[in-house]
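Just so it is clear: chains get the letters A, B, ... in the order the sequence lines come, proteins before strands, and each one is counted from 1.
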Number of protein chains: 2
Amino acid sequence: MLSHKAKYALKALLYLAEQDENHISKTIEIAEGANIPKKFLEQILLDLKRGHFVSSKQGKYGGYYLIKSKNDITLAEIHRLFDGAIALLPCASLNFYEPCSDCKTESECHLRHGLMLIRDKTLQAMQGITIASLVKK
Amino acid sequence: MLSHKAKYALKALLYLAEQDENHISKTIEIAEGANIPKKFLEQILLDLKRGHFVSSKQGKYGGYYLIKSKNDITLAEIHRLFDGAIALLPCASLNFYEPCSDCKTESECHLRHGLMLIRDKTLQAMQGITIASLVKK
DNA sequence: TTTAAATTCTACTAATCACATATACTTAAT
DNA sequence: ATTAAGTATATGTGATTAGTAGAATTTAAA
């Protein structure tokens, strides 16, 4: 399941993607438009900025705007940024790999093999969902 | 990501599936064989019993054994029993559906549609992984 | 038939951590 | 001076991951 953070991030990106090019959206505007608690959204937008999905302008008439094409922002990326691994266990993860502490020999782990199959299919599906694909209904 | 509980459940089921038919496995035996904290495993086995995956015999020479065919126990079922919904949000879930409190009109939710596509693909993949398929490498 | 041993089962407890937010303040732009 | 992002920290809640203690049940030996 997605955390609220990831869900709000997606909603915020959808909001930004729906605005005119060159439009800068204030946090409060996004918060009200997408129904997200404002203070929580601030942190999320900063995370999105650090992830190079959006950029910001401070001060009066400041706000946030997309810097990555909505065709190139995938569900997989947002999941990884906010909720981490897509695989069901760290030992089956590409980007968040960690060995299982309770696993005697990883190569003999029956579970891991199956989980890697799931990961590949889920990842493929999640990379197919972009902000752009969501916006155009 | 799977909880430890779900992971341990899968490992316990794998352990049981690898034993001879008619063999009854004690908790301590499963715990040591699959490297699972014993007392935690007790709770998990009881959950599996309530889910009609295993049954038990009490008292001396008691223990646990599979009552559902290893061909019919899927990853999807275990996920749902221990970790709940397979979908990424409750509004996109089949078995754990709940509307989003922050969603104005569900039918207009751009996100939900995409998440339902993911759910269908993930579910299909997870239903394809059975305990039997994991055991035979 | 009693007793002891082995094992499941039940109920609490507790520590740790993640999650979802709020508060208060600083920095920067207009 | 005002507006808005940025930072750092705090807080409450709940889930997770166990551990503790003991009750109930079964088997088999005495």
Considering only heavy side-chain atoms of B:Phe40, the closest of D:dT26, D:dA18, D:dT3 is D:dA18
When rounded to whole Å, the NZ to P distance for the pair A:Lys49 and D:dA4 reads 17 Å
Residue pairs passing the side-chain hydrogen bond (donor to acceptor under 3.5 Å, both in side chains) test with at least one member in residues 89-101 of chain A, sequence neighbours excluded, are A:Tyr97-A:Glu106
Footprint ends on DNA chain C, 5' to 3', for atoms under 4.0 angstrom from a heavy atom of chain A, come out as C:dA20 to C:dT30
What about A:Leu81 and A:Leu10, same hydrophobic cluster or not, with Ile/Leu/Val/Met/Phe/Trp/Tyr joined at side-chain heavy-atom distances under 4.5 Å?
yes
Whole-Å distance, A:Gln58 CD to D:dT7 P, equals 8 Å
Rounded to whole Å, CD of A:Gln43 lies from P of D:dA8 at a distance of 12 Å
ask   = Hey, is CZ on B:Phe96 packed in by over 12 heavy atoms from elsewhere, all under 6.0 Å?
value = yes
So CZ of A:Arg119 and CG of A:Leu88: to nearest 0.5 Å the spacing works out to 10.5 Å
By nearest-nucleotide position on DNA chain C, the 5'-leaning member of A:Tyr61 and A:Pro37 is A:Pro37
CZ of A:Arg80 to OG1 of A:Thr74, rounded to nearest 0.5 Å, is 7.5 Å
Closest to the side chain of A:Lys39, out of D:dT7, D:dA18, D:dA5, is D:dT7
Separation of D:dG19 atom C1' from B:Leu41 atom CG, nearest Å, is 14 Å
Considering every strand and a 4.0 Å limit on heavy-atom distances, what is the contact class for A:Lys7: base, sugar-phosphate, or nothing?
nothing
Run the salt-bridge test on B:Asp102 and A:Lys7 with the 4.0 Å N-O cut-off and return the result as yes or no. yes
Note: for A:Tyr8 and A:Lys57 on DNA chain C, the residue whose nearest nucleotide lies more 5' is A:Tyr8
Between A:Ser56 and D:dA5, is there a side-chain N or O to OP1/OP2 distance below 4.0 Å?
no
A:Lys26 atom NZ is separated from D:dG6 atom C1', nearest whole Å, by 17 Å
Do other residues, nucleotides or ligands put more than 12 heavy atoms under 6.0 Å from A:Gln127 CD?
-> yes
Rounded to whole Å, CD of A:Glu42 lies from P of D:dT7 at a distance of 11 Å
On the nucleotide D:dT7, are OP1 or OP2 found under 4.0 Å from the side-chain N or O atoms that A:Arg50 carries? yes
To the nearest angstrom, the CD-P distance between A:Glu29 and D:dA4 comes to 10 Å
To the nearest angstrom, the CG-P distance between A:Leu45 and D:dT7 comes to 13 Å
